[in-house]
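Since the model is a prediction, treat every value here as computed from it, not as a measurement.
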Amino acid sequence: MRLRLLFSLILLAAAPAFAQDKPANLEPLPDTQPPPMPQGVDEDEAPEITITTRGEDRVEEYRIHGALYMIRVTPRVGAPYYLIDAKGNGVFSRFDPANRQLSVPMWVLRRW
């Protein structure tokens, strides 16, 4: 009896998620502008681009003279974003041309 009641409550709670319809006027997100080339590199010099797929995400790695300086991630859902190595030390940070603020991911792993 309890199991049946619990199952019914779970189905009732999940019903609004199944009832939602997609709006008819959906449009694709505009493409983001890439960040500028690293300092000391000519604008005419074309980077080597390696395209891979990780799960449902498309990952483009940009290299100049064999050094990875930028990664563009295009998720299945959502806007593409860039990870850039601004100092050339292998530490990548997110670059968002629309929002120039540094976005550092911070999560609470454990509270004591």
Side-chain angles (χ1 to χ4, degrees):
M1 181 68 183
R2 282 184 151 174
L3 185 61
R4 206 178 263 181
L5 179 62
L6 180 63
F7 184 69
S8 299
L9 288 175
I10 291 173
L11 273 176
L12 186 62
F18 294 115
Q20 295 178 357
D21 292 327
K22 290 184 180 178
N25 58 353
L26 291 179
E27 295 180 10
L29 294 171
D31 198 17
T32 58
Q33 295 296 322
M37 295 287 281
Q39 292 181 349
V41 177
D42 294 334
E43 292 290 328
D44 299 334
E45 192 172 351
E48 301 171 22
I49 303 172
T50 305
I51 301 173
T52 58
T53 305
R54 294 183 185 163
E56 295 183 357
D57 297 344
R58 178 180 176 180
V59 178
E60 301 171 24
E61 297 177 348
Y62 292 78
R63 288 181 168 78
I64 291 188
H65 304 294
L68 180 65
Y69 75 95
M70 179 175 68
I71 301 171
R72 180 179 186 213
V73 180
T74 307
R76 184 181 70 84
V77 177
Y81 59 92
Y82 291 91
L83 302 171
I84 60 169
D85 182 7
K87 297 180 181 177
N89 58 1
V91 177
F92 289 86
S93 59
R94 188 170 178 151
F95 175 81
D96 187 5
N99 185 8
R100 290 281 182 161
Q101 296 177 352
L102 177 64
S103 177
V104 179
M106 293 185 286
W107 296 278
V108 176
L109 298 177
R110 184 173 199 152
R111 293 188 191 258
W112 301 98

Closest approach of [X] and [Y], non-hydrogen atoms and distance?
X     : Y     : answer
Pro80 : Thr74 : CB-OG1, 3.9 Å
Ile64 : Pro47 : CG1-CB, 3.9 Å
Arg94 : Leu83 : CA-CD2, 3.8 Å
Arg72 : Tyr62 : CB-CE1, 4.0 Å

Inset, instruction - Determine the sole option in Thr50, Ile71, Thr52, Ile51 for which the side-chain contact (heavy atoms from CB on, under 4.5 Å) test with Glu60 is passed. - result: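 Testing Glu60 for a side-chain contact (heavy atoms from CB on, under 4.5 Å) against Thr50, Ile71, Thr52, Ile51 leaves exactly one candidate, Ile51.
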